[in-house]
Structures are given as C-alpha cells and as structure tokens.
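Read through the structure below, which is laid out as structure tokens, and then see the notes.
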Number of protein chains: 4
Amino acid sequence: MPRAERERQMMDAAVATFGRRGYRAASMDEIAELAGVSKPLVYLYLNSKEDLFSACIRREAAALVEAVRGGITPGEPADQQLWAGLLAFFTHTAECPDGWSVLHSQARTHGEPFAREVAVMREEIVAFVTLLIAEAAREAHGNPTLPEGEVAPLAEALVGAAEALAVWANATPGVTAREAATTLMNFSWAGLANLMQGKPWSPPK
Amino acid sequence: MPRAERERQMMDAAVATFGRRGYRAASMDEIAELAGVSKPLVYLYLNSKEDLFSACIRREAAALVEAVRGGITPGEPADQQLWAGLLAFFTHTAECPDGWSVLHSQARTHGEPFAREVAVMREEIVAFVTLLIAEAAREAHGNPTLPEGEVAPLAEALVGAAEALAVWANATPGVTAREAATTLMNFSWAGLANLMQGKPWSPPK
Amino acid sequence: MPRAERERQMMDAAVATFGRRGYRAASMDEIAELAGVSKPLVYLYLNSKEDLFSACIRREAAALVEAVRGGITPGEPADQQLWAGLLAFFTHTAECPDGWSVLHSQARTHGEPFAREVAVMREEIVAFVTLLIAEAAREAHGNPTLPEGEVAPLAEALVGAAEALAVWANATPGVTAREAATTLMNFSWAGLANLMQGKPWSPPK
Amino acid sequence: MPRAERERQMMDAAVATFGRRGYRAASMDEIAELAGVSKPLVYLYLNSKEDLFSACIRREAAALVEAVRGGITPGEPADQQLWAGLLAFFTHTAECPDGWSVLHSQARTHGEPFAREVAVMREEIVAFVTLLIAEAAREAHGNPTLPEGEVAPLAEALVGAAEALAVWANATPGVTAREAATTLMNFSWAGLANLMQGKPWSPPK
DNA sequence: TATGAATGAGATTTCATTCAT
DNA sequence: TATGAATGAAATCTCATTCAT
C-alpha cells in the first residue's frame with residue numbers, strides 16, 4: 001500500500017481518537033489498532049505522538065479553512081459572504097465532528113506546541129470576519145463608522161459565538177447547519193447593522 | 001492545621017493545576033507539591049483524582065453562579081439585568097482564570113462524569129438568559145413577538161459568545177471586564193432588539 | 001477503660017481481620033476501626049503490625065492448646081483420650097473460626113517470624129498424639145510393637161487429617177464437632193489398631 | 001524469544017514467588033526480575049497480578065491432576081489404584097514444592113476468585129477417592145457396606161491427610177514420596193478395611 | 001514496507017507508622 | 001489514656017518509544 005494512503009488512514013484514526021478521547025487519554029496503541037497497522041509503522045511515518053497530533057491539527061485546520069473559503073464568493077455583499085461562510089462552517093463542523101473536536105476542544109487545552117497551531121488558523125478567520133464587518137460598514141455609509149479598535153472584539157465575539165453554536169449543534173440532535181447559520185445571522189447581523197448606524201447600546205451610569 | 005483549611009489549600013492547588021495542565025496532564029504529585037502537603041494527605045481528604053476534579057468543578061461552578069447571581073438585581077429591566085450579569089461574569093472569570101479554565105476548557109473535554117457536572121450549571125445560566133430575552137420582548141411590545149423555539153438558540157448563542165469572549169479577554173492583556181461586557185451588549189442586544197421588532201435577517205433564496 | 005480490656009478488644013478485632021483477610025491484606029486502619037479505637041492507640045499498646053500478628057498467634061495457640069488439654073482426662077485409655085481431645089479440638093475450631101484461620105491458614109503462609117510461633121504449638125500436639133499412639137500400643141500388647149520411627153509420621157498424618165477436617169467442617173454447613181471427631185476416629189483408630197497388631201498394609205512389588 | 005517460551009518463564013517465576021511469599025507479599029517487580037524480563041512485559045503477556053495468579057493456579061492444578069491421573073492404572077484393584085495415586089501425588093508435590101504451595105497454602109487463603117479455582121480440582125480428586133473407597137467396599141463384600149453419606153467425609157479426611165503429609169514431607173528432609181505414601185496407606189487403608197467389615201469405632205456414652 | 005518483542009519512566013493509589021497535643 | 005494530622009516508601013499498572021528482523 002502506498003505511503004500516502006497509509007498515512008491518511010493513520011491520520012483518520014488519530015483524528016477520531018484524539019477527538020473523542022483527548023490528547024493525553026488517546027493512546028498510540030488505540031490509534032494504531034484503529035488504523036489497522038502496527039505501532040512501529042505509525043512511528044515510522046508520523047514520528048511521535050506530538051508530531052502526529054500537530055499533523056492532525058494542521059490537516060483539520062486546513063480542511064476547515066478550505067471548506068469556508070470554498071463556500072464564499074468574493075465580491076458579493078458582505079452579509080451574503082458572512083452567511084455563506086457560516087453555512088460552510090457549520091456544514092463542515094457537522095460533517096467532521098472529530099476534526100472539529102480536535103481543533104476546538106483538544107488542541108486549545110493542551111499547552112503551547114498545539115494551541116499555537118490552531119491560533120494561526122483562528123486568527124486568519126477572525127481577520128476575514130473583521131474585514132467583512134468593516135466592508136459592511138463601508139457598504140452602509142461609504143465610510144467606516146466604527147472605530148478601528150471596536151471591530152476586532154466584535155469579530156472575536158462573532159467567531160466565538162459560531163464556535164459555541166457548532167459545538168451545540170453537534171451535541172443537539174436535529175439541528176441543521178442552515179438553522180445554526182440563520183440563528184447566528186439573526187443574532188449578530190442586525191445588531192452589527194444597528195451599531196454601524198451609530199446606535200450602540202450604552203451601559204447605565 | 002484544621003482540616004477545612006487544608007482542604008481549601010488543596011482545592012486551590014488542584015484548580016490551578018487542572019486549569020493550566022488539563023485533567024490528564026495534571027499529576028497528583030504536582031498538586032500536592034503546590035498545596036505544600038504530601039500526596040497521601042490529598043488522597044486522605046479528597047479520595048481520588050476523579051473525586052478531586054469533580055470537587056473542583058462543583059466548587060468553581062458554584063462560585064461562578066454565585067458571582068453572577070450576586071451581580072443581578074431582580075426586577076430591573078431585562079437589559080439592565082443582562083448587563084449586570086455579564087459584567088459579573090466577566091469580572092469573575094477574569095479574577096479566577098484557572099477556575100474558568102477548569103469549567104470551560106477542561107471539564108467539558110473529559111468524558112461523562114465531569115461534562116455533566118458543568119452542563120447542569122450551564123443549563124441554569126442558559127435558562128436564565130432565555131427568560132431575560134423573553135422578558136425583554138414583553139417589555140418592548142407587551143406580548144411575545146419571538147416564537148418560543150427561537151429564543152433558546154439565541155440564548156445559546158449569547159452564552160457561547162460570552163464564554164468565548166471570557167477566554168479571549170483572559171488571553172488578551174488590557175481588556176477589562178467592562179469592555180468585554182460592553183462589546184457583547186452592543187453585539188447582541190441591538191440585534192435582539194431588531195429581532196423583537198419583527199425584522200429578522202433573512203437568508204438568500 | 002483499663003488497658004487489659006482495651007488490649008483484648010484490639011486483639012479480638014485483629015484476629016477477626018487477620019483471619020478473614022490474611023496478614024497482608026488486613027490493614028491497621030480496618031483493625032483499629034473494628035476495635036473502635038484510633039490507630040495510634042493500637043501502636044501504643046501493640047507496637048507494630050508484626051507484633052500484633054505474633055500476639056494474635058500466641059493468644060490463639062494458647063487458647064487452642066488450653067481447650068484441647070481441658071477436654072482430656074489423663075489416665076484414661078488412649079482411645080478415650082484421643083476421642084476427647086479431638087472433640088475438644090473440633091469444638092474449639094468451630095467456635096473460633098477466625099482464630100483457627102489465623103493459626104492454620106495465615107500464620108503458616110507468611111514466612112519465618114510467624115510460622116515458627118505456630119510450629120511450636122503444633123509440635124506440642126503432635127508429641128501428645130505420638131505418646132497416645134505409643135501408649136495405645138502398650139495397652140494392646142504390653143510392649144511397643146511399632147518401631148519408634150514409624151509412630152511420628154502416623155501422628156503427623158492424624159494431626160494433619162484433623163486440621164483438614166476442621167477446615168472442612170467450618171466450610172461445610174451442618175457438620176458438628178462430634179461428627180467430625182467420629183469420622184476421624186473411625187478413619188484412624190481402627191487403622192492404627194490394625195497396625196499395632198502387626199498387620200500393616202504392604203505396597204506392591 | 002518466542003512468546004510461548006517467555007510466558008512459560010514468567011509463569012515459572014510467578015509460581016516460585018507466589019509459592020514462597022504468598023499472593024500479597026509477592027511483588028510484580030520480584031517476579032519480573034526472577035523471570036529476567038521487564039515488568040511491562042509481564043503485564044503485556046499476563047494482564048494483571050490477579051490474572052497471573054489465576055493462571056498459575058490453573059497450570060499447577062492441571063499439572064497435579066495430570067500427574068496423579070498418569071500414575072493410576074484404571075481397572076486395577078482399588079487399593080492398588082489408591083497406592084499408585086498417592087505415590088504419584090507425593091512424588092509430584094515433592095518435585096514441585098512451589099506449585100504445591102500455590103495450590104495448597106496460597107490459593108486457598110486469598111478470597112473468592114482464587115479459592116474456587118483450586119476447589120474445583122480438589123473436588124475432582126475427592127470424588128475420585130470417594131469412588132475408590134466405594135469400589136473397595138464392593139470388592140470386599142460384593143455390596144456396599146458403608147452408608148453413602150459416610151464415604152464422603154472419609155474421602156475428605158484421606159485427602160486432607162494426604163495434603164498435610166505432603167506439606168510435612170516437603171518440610172522434613174529425608175522423607176521420600178514412597179515413605180509418605182506407605183504411611184498414609186497404613187494409616188488409612190486398614191482403618192477403612194475395618195470400617196467396611198462393619199467394625200466402626202464407637203464413641204463412649 | 002512492515003512488525004513481534006521489549007522497556008524506561010512515570011502515573012495513581014495504599015499502608016504502616018509517627019508527631020504534637 | 002487517647003487522637004487528629006501527616007508522611008515515606010512501595011505497590012500495581014500504563015504508555016510512548018525502540019530494536020531486530
């Protein structure tokens with residue numbers, strides 16, 4: 001069997017195992033058995049448990065970014081792009097729950113080598129959403145009405161809400177990607193629109 | 001030293017260690033050393049690693065709920081209550097980052113005994129937010145304009161966004177609890193208000 | 001509470017625990033709890049686990065020897081003495097199963113310091129039985145018909161059979177001491193009588 | 001080295017260690033060292049201390065039964081069969097003192113999983129001896145003179161005496177298997193013969 | 001390309017034992 | 001006389017990793 005395919009088998013097994021058990025609780029024995037190969041072969045190809053986990057993170061991150069990117073049509077109105085991106089995001093996380101678990105739950109809770117890998121991808125997505133929000137503001141008024149420093153936290157909140165909804169949708173039977181995306185658009189876009197029209201909510205006192 | 005105080009020391013050390021390393025990577029040796037006691041004493045008082053982790057989850061969950069509940073004045077307008085609750089939430093998670101990590105990152109990624117403990121608390125908070133949203137709709141129009149089944153996902157999204165912002169605020173130097181709460185109110189409340197006025201965002205096609 | 005009584009309580013608890021669990025599996029915690037005292041008190045009075053076990057062996061051995069000795073009337077015919085001794089033996093082992101377990105099962109399986117304690121008592125009993133057999137031979141013929149070197153193994157076999165029957169009687173509901181003693185007399189005495197009349201069983205070839 | 005042979009080495013070491021130290025006092029470290037392998041290999045092959053002990057019991061029980069069975073020629077007169085069986089028994093227990101210790105001393109003093117394993121083998125042997133006694137009675141008189149319910153305790157006593165003599169023979173230098181078997185035949189067979197002729201020993205009063 | 005055999009290091013847990021009062 | 005508080009040492013067991021083939 002050619003190396004590339006064997007490697008894919010092993011990574012599939014690793015993603016499933018890491019996603020369900022967590023990095024520490026997953027054992028190389030279990031991964032090798034699930035992949036249907038012997039343990040030394042896993043080491044021959046993937047080098048170490050750390051390297052294997054990193055490889056999983058990179059593969060799943062790339063797949064997620066690819067899925068979202070593929071769902072978007074650049075040049076469309078900002079809300080259409082956000083909608084399309086969210087739909088692709090929720091679709092992908094529903095189709096690959098183990099991969100999503102690796103990225104969201106596991107990689108971020110197991111210290112420095114791994115957290116950074118996933119942070120890179122996340123920043124890329126936050127940056128894209130930040131751009132969309134600024135673009136939307138431009139579309140609405142021709143010039144940015146939102147101060148620069150306020151856009152980033154909003155994008156952070158939107159991405160955070162999307163992540164939480166993805167977990168919730170995976171854990172709640174019967175919730176479709178389209179419903180999740182609609183909920184989040186309703187929840188966020190109208191609020192953003194209000195903000196852009198200079199009508200922020202103001203705290204008491 | 002009296003037992004109660006020693007127990008508190010151990011739990012402090014355990015929360016710090018579990019919060020930073022995760023359940024599996026945290027070792028009882030490290031916890032005992034950080035607490036300044038011998039390992040057998042930890043077992044004598046807290047029984048087992050599982051029991052210790054559960055005790056940490058329960059203590060931190062109770063403290064968080066207590067903090068949020070203490071920040072709210074019942075009877076005030078719904079947006080005031082939400083604001084106060086978020087402020088208390090972000091203040092508490094900023095003050096107890098390890099406890100927050102235990103609840104948000106660690107407890108939820110390590111299997112059934114633990115996930116359920118924290119799910120109970122989370123459902124309590126989601127239920128409270130659901131009530132607030134419904135109440136706000138009543139305040140705005142005198143009768144519920146949002147269909148029952150749509151409120152729960154919105155509360156889920158709001159709580160999810162709050163959780164993500166708490167993580168982000170803890171990881172980003174210089175972000176205050178007040179700023180985080182303001183961002184989230186801006187992000188969500190205006191959007192919810194729009195929804196309540198019957199102006200949902202509608203997907204294309 | 002006076003020391004002597006406390007000590008007896010502790011030894012009772014120790015005998016019960018050692019008898020049921022075995023020397024290693026019995027924990028000082030369990031013994032102290034069963035005795036209704038704190039662990040340091042056990043150490044204050046009985047010194048160490050080894051010493052406590054030795055003390056149990058000595059106490060139970062003395063009680064057993066005392067019981068057997070008290071059942072016998074010296075001067076009676078040898079078979080009457082043997083019968084009375086066996087009856088007392090089976091009665092005592094049935095009344096004190098934990099003590100018997102300590103002597104028979106536990107003390108002999110846990111290495112040198114303890115095996116010797118119980119060996120002393122056992123040799124005393126074997127010597128007594130040896131005397132009885134020789135005496136019986138004299139009663140039958142006026143002079144020893146059995147060579148000296150053959151008496152000891154017979155006594156050993158008789159005592160061994162008694163021990164095994166005691167274990168069996170304790171483990172088999174409904175078997176009385178009188179039945180066990182009768183079985184053993186039937187099994188052994190007639191055989192011994194035959195031997196003494198110079199009619200040994202002879203092996204083939 | 002092939003797995004089967006390594007496993008045999010480990011079991012040899014385990015039988016020796018369990019036989020000498022007892023189940024609890026034997027440490028897996030000691031067993032591994034005596035076998036000349038690392039501890040993890042013992043666990044890889046034999047699973048756990050409990051499983052290892054059970055495996056030892058089963059192997060030694062099978063070997064003992066096999067040895068006794070192999071010494072007997074079915075169809076011969078009952079006393080010849082008993083003699084041959086005892087000879088084989090004492091020969092085997094003298095050759096495998098550690099295995100005999102595991103079966104007789106250790107397995108029976110350590111709780112339920114183990115006691116039952118050895119009880120099965122013992123019952124098999126007691127049943128065989130019971131058959132022999134009944135057969136002998138038939139050979140002597142053509143019909144059973146011993147009531148059914150009395151044969152079993154006699155077999156129990158005979159087996160018990162054999163067990164005790166095996167321990168004694170192993171502990172007493174210079175005693176051969178042939179001598180032990182002769183002693184027991186002398187001790188028991190003539191007595192049984194008397195019984196079969198309807199001359200039981202009768203208790204006083 | 002692939003694996004059966006093997007291990008060093010470290011995890012949780014238990015227990016006999018002692019101090020300070 | 002009596003105990004609550006505390007620990008050093010050692011047990012069982014797991015796991016990432018490598019060697020020889």
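- On a pure distance criterion of 3.5 Å, a polar donor-acceptor pair joins the side chain of Lys39(B) and the base of dT13(E).
- The closest donor-acceptor contact from the side chain of Thr17(B) to the backbone of Ala13(B) lies under 3.5 Å.
- Per the geometry, OH belonging to Tyr43(A) stands 18 Å off P belonging to dA20(F), to the nearest Å.
- Here the CD atom belonging to Glu30(A) is positioned 10.0 Å from the CZ atom belonging to Phe18(A), to the nearest 0.5 angstrom.
- Put simply, CE on Met1(B) is 7 Å from P on dA6(F), counting in whole angstrom units.
- Checking Pro40(C) against Tyr45(D), the closest nucleotide of DNA chain E that is more toward the 5' end is the one next to Tyr45(D).
- Computed from coordinates, the Leu46(D) CG to dT12(F) C1' distance equals 14 Å when rounded to whole Å.
- Residue Leu44(D) places its side chain closer to dA6(E) than to any other of dT14(F), dA6(E), dA2(E).
- Here the NE2-CZ distance, from His110(C) to Arg21(D), works out to 12.0 Å after rounding to the nearest 0.5 Å.
- Atom CZ of residue Arg3(B) and atom CE of residue Met10(B) lie 8.5 Å apart, to the nearest 0.5 angstrom.
- Note: CD (Glu33(C)) to P (dT3(F)) measures 13 Å, nearest angstrom.
- Geometrically, Lys49(A) engages Tyr23(A) in a cation-pi contact defined by less than 6.0 Å to the ring centre and at most 45° from the axis.
- Between Thr93(D) atom OG1 and Asp98(D) atom CG the span is 12.0 Å, to the nearest 0.5 Å.
- The CG atom of Leu34(D) sits 12.5 Å away from atom CG of Asp29(D), with the distance rounded to the nearest 0.5 Å.
- Between the CZ atom of Phe53(B) and the P atom of dT12(E) there is a distance of 13 Å, given to the nearest Å.
- Atom CD of Glu7(D) and atom P of dA5(E) are 10 Å apart (whole Å).
- Residue-to-nucleotide proximity on DNA chain E shows that, of Lys49(B) and Ser48(C), the 5′-proximal contact is made by Lys49(B).
- Contact annotation for Arg3(C): no contact, since no heavy-atom pair falls under 4.0 Å across all strands.
- Taking the charged nitrogens against the carboxylate oxygens, Glu163(B) and Arg108(B) do have a contact shorter than 4.0 Å, which makes a salt bridge.
- Per the geometry, CD1 belonging to Ile31(B) stands 12 Å off P belonging to dA11(E), to the nearest Å.
- For the residue pair Gln106(C)/Thr109(D), the side-chain donor-acceptor check at 3.5 Å is not satisfied.
- Contacts with DNA chain E (heavy atom under 4.0 Å) in residues 18-28 of chain A: none are found.
- Projected onto DNA chain F by closest heavy-atom contact, Glu50(D) and Ser38(B) fall at different nucleotides, the more 5' of which corresponds to Ser38(B).
- A rotation axis mapping the C1' atoms of four pairs onto the next four is fitted at both ends of the helix from dA2(E)-dT21(F) to dT21(E)-dA2(F) over five pairs, and the angle between these axes is 30° to 10 degrees.
- Checked against dA16(F), dT13(E), dA2(F), the side chain of Arg6(C) finds its nearest nucleotide in dA2(F).
- Atom CG in Asp29(C) sits about 9 Å away from atom C1' in dA16(E), given to the nearest Å.
- How far CG of Leu46(B) is from CZ of Arg6(B): 13.0 Å, rounded to the nearest 0.5 Å.
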